[in-house]
Amino acid sequence: MAPMGIRLSPLGVAVFCLLGLGVLYHLYSGLLAGRLAGRLALFVLGAGGGHDLPSDTVPEGPVDLRELLAVSVLAAVRGGEEVKRVRESNVLNEKAKGKTREGAEEKMTSGDVLSNRKMFYLLKNSFPSVQINTEEHVDAPDKERIFWDRSIPEDIKEKIQSKEVPAESVTVWIDPLDATHEYTEDLRQYVTTMVCVAVNGEPVIGVIHKPFSAYTAWAMVDGGSNVKARSSYSERTPRIIVSRSHAGKVEQVARQTFGNKTVIIPAGGAGYKVLALLDVPDKKQEKADVYIHVTYIKKWDICAGNAVLKALGGHMTTLTGEEISYTGSDGNEGGLLASINVDHQALVNKLPDLEKASHKQT
Ligand SMILES: Nc1ncnc2c1ncn2[C@@H]1O[C@H](COP(=O)(O)O)[C@@H](OP(=O)(O)O)[C@H]1O
Ligand SMILES: [Mg+2]
């Protein structure tokens with residue numbers, strides 16, 4: 001006799017257990033079906049963009065640099081779509097987010113914020129274990145369900161081999177809108193979105209995307225690229241490209257180094273200025289031989305350009321010729337000297353000592 005006068009018949013217990021097993025089976029098969037549906041959706045959607053799919057599809061463990069490159073290109077393009085959409089709407093919601101050390105106003109717009117959200121979550125959802133540093137703040141309530149469909153563009157498949165590295169050795173740097181200042185002035189040609197992948201602090205993958213020209217340059221060190229250096233550069237009388245909105249004493253430094261007749265090209269955006277050193281099929285892209293920046297600058301502004309130049313045999317260093325490490329702090333204190341297919345060390349040696357002394361290395 002069971003407690004409280006209830007008698008358990010063996011048949012009743014068996015039926016109860018069978019019912020329980022039935023419920024468990026139903027729940028489990030539903031879960032499996034959900035996962036299968038998610039994978040099927042990935043297969044059906046194929047190439048052409050990140051899609052809002054379940055997060056249990058993300059890979060774990062070591063990361064493949066070829067996959068990181070594919071997602072970085074996609075992130076730059078998807079961010080660029082936001083940048084373009086906001087600019088074309090003419091509702092920029094421009095805000096001041098602070099001042100640079102030199103006292104220039106740092107601006108932020110809806111283009112920066114929305115691009116940042118797309119780029120950050122596409123990369124984060126695809127590579128959850130990787131450190132991502134981005135120019136704009138990411139609010140957790142703004143979490144975006146944007147996922148990579150795992151497709152790799154044909155040109156990347158052709159030129160780049162798979163290569164795995166430990167996830168903890170990777171730092172990704174995102175610039176969701178480079179040349180924000182110029183963006184607010186509707187100087188669209190200077191605007192880029194950029195992604196950089198550093199491995200153990202060294203820039204390895206660089207993506208620079210121009211949203212208003214639908215042009216994307218990518219390169220991987222010891223891998224390949226879809227962009228190349230120009231066939232010649234003027235070493236004796238180089239055209240120097242410099243900042244138009246954070247110039248500091250750069251014109252003075254350039255003239256002191258290369259003479260009073262030196263051609264100086266003021267331009268917006270660190271991404272744009274690196275592309276000026278390369279062979280870029282864009283009518284609105286000016287061409288230069290050397291890029292110099294003398295004020296403080298952040299690593300998300302320069303890492304992608306550094307990786308692209310390095311992959312193509314060029315150099316981006318501080319003004320004293322030091323390599324820049326893309327881990328740790330966000331800032332680069334030592335100024336910037338970028339060149340390709342010229343004697344970079346000779347340029348370093350030519351720069352005035354005064355300027356070298358006034359910049360300390362991080
Ligand atoms: N002194 C400084 N302090 C902080 N950021 C700087 C800077 N000089 C340049 N930058 C940033 O570097 C990028 C390129 O600058 P420039 O166009 O002047 O060459 C811009 O990035 P964002 O537009 O992404 O903010 C700009 O804000
Ligand atoms: Mg920038």
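Just so you know, residue 1 is the first one in the sequence shown, and it goes up from there. We count ligands from 1, going down the list as the structure has it; atoms in each ligand are counted the same way.
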K.L.:
Considering only heavy atoms of S243, which atoms of ligand 1 have at least one such atom less than 4.0 Å away?
P.N.:
16 (P), 18 (O), 19 (O)
K.L.:
Does atom CG of D222 have more than 12 heavy-atom neighbours, drawn from other residues, nucleotides or ligands, at distances under 6.0 Å?
P.N.:
no
K.L.:
Compare D178, I302, T100 and give the one whose heavy atom is closest to atom 22 (P) of ligand 1.
P.N.:
D178
K.L.:
Would you sort out whether R230 and D289 count as a salt bridge (Lys or Arg N to Asp or Glu O under 4.0 Å), showing the intermediate values?
P.N.:
CA-CA 10 Å; R230 295 201 308 272; D289 300 302; 3.3 Å; yes
K.L.:
List the atom of H315, the atom of L309, and the distance in Å for their closest heavy-atom pair.
P.N.:
O-CD1, 3.9 Å
K.L.:
Between D301 and K299, does at least one N-O distance fall below 4.0 Å, as a salt bridge requires?
P.N.:
no
K.L.:
Who's closest to atom 14 (C) of ligand 1 heavy-atom-wise, of S245, G268, G248, A270?
P.N.:
A270
K.L.:
Indicate if the distance from the Mg ion (ligand 2) to the nearest N, O or S atom of E135 falls below 2.8 Å.
P.N.:
no
K.L.:
Tell me, which protein residue and heavy-atom name are nearest atom 5 (N) of ligand 1, and how many Å apart are they?
P.N.:
E106 OE2, 4.1 Å
K.L.:
What N/O/S atom of D175 gets nearest to the Mg ion (ligand 2)?
P.N.:
OD2
K.L.:
Side-chain contact test, heavy atoms from C-beta onward, threshold under 4.5 Å: evaluate it for T109 versus L177 and give yes or no.
P.N.:
yes
K.L.:
Is E81 salt-bridged to K118, going by a charged N under 4.0 Å from an acidic O?
P.N.:
no
K.L.:
Is there at least one pair of N or O atoms, one from A267 and one from ligand 1, spaced under 3.5 Å apart?
P.N.:
no
K.L.:
Do the charged groups of E154 and K159 touch, with an N to O distance under 4.0 Å?
P.N.:
no
K.L.:
Does K273 come within less than 4.0 angstrom of ligand 1, counting non-hydrogen atoms of the residue?
P.N.:
yes
K.L.:
Would one find an N or O of E182, backbone or side chain, under 3.5 Å from an N or O of ligand 1?
P.N.:
no
K.L.:
Report the name of the N/O/S atom of D178 located nearest to the Mg ion (ligand 2).
P.N.:
OD1
K.L.:
Look at E105 together with K97 and state whether they make a salt bridge at an N to O cut-off of under 4.0 Å.
P.N.:
no
K.L.:
Can you spot which of R188, R244, K107, K273 makes a salt bridge (charged side-chain N to carboxylate O under 4.0 Å, His left out) with E182?
P.N.:
R244
K.L.:
Does this structure show an ion pair linking R150 with E67, if we count only N-O contacts that are shorter than 4.0 Å?
P.N.:
yes
K.L.:
I need the minimum non-hydrogen distance between I146 and N125, along with the two atoms involved.
P.N.:
O-ND2, 2.9 Å
K.L.:
Do D175 and ligand 1 have an N or O pair less than 3.5 Å apart?
P.N.:
yes
K.L.:
Look at atom NZ of K84 and say whether more than 12 heavy atoms of other residues, nucleotides or ligands are closer to it than 6.0 Å.
P.N.:
no
K.L.:
For atom 24 (O) of ligand 1, what is the closest protein heavy atom, and at what distance to 0.1 Å?
P.N.:
E135 OE1, 3.0 Å
K.L.:
Which part of H181 is near ligand 1, with near meaning a heavy atom under 4.0 Å away: side chain, backbone, both or neither?
P.N.:
neither
K.L.:
Check each atom of ligand 1 against the heavy atoms of T180 and keep those under 4.0 Å away; list them by number with element.
P.N.:
23 (O)
K.L.:
Considering only protein heavy atoms, which is closest to atom 7 (C) of ligand 1, and at what distance to one decimal place?
P.N.:
Y296 O, 3.1 Å
K.L.:
Give the numbers and elements of all ligand 1 atoms closer than 4.0 Å to a heavy atom of D301.
P.N.:
11 (C), 12 (O), 13 (C), 20 (C), 21 (O), 22 (P), 24 (O)
K.L.:
Closest to the Mg ion (ligand 2), which N/O/S atom of D301 is it?
P.N.:
OD1
K.L.:
Check whether any heavy atom of R101 sits under 4.0 Å from an atom of ligand 1.
P.N.:
no
K.L.:
What is the nearest protein non-hydrogen atom to atom 27 (O) of ligand 1, stated with its residue, atom name and distance?
P.N.:
H246 CE1, 3.5 Å
K.L.:
Is the closest basic N to carboxylate O distance between K163 and D64 below 4.0 Å?
P.N.:
no
K.L.:
Is H293 near ligand 1, meaning one of its heavy atoms is under 4.0 Å from it?
P.N.:
yes
K.L.:
Side chain or backbone, does E102 bring an N or O within less than 3.5 Å of an N or O on ligand 1?
P.N.:
yes
K.L.:
In terms of ring plane angle, is the pair W173 and Y326 parallel, tilted or perpendicular, where the classes change at 30° and 60°?
P.N.:
perpendicular
K.L.:
Number the atoms of ligand 1 from 1 as they appear, then name those within less than 4.0 Å of a heavy atom of T295, with their elements.
P.N.:
1 (N), 2 (C), 7 (C), 8 (N)
K.L.:
Please write down residue, atom name and distance for the protein heavy atom closest to atom 17 (O) of ligand 1.
P.N.:
G269 N, 2.6 Å
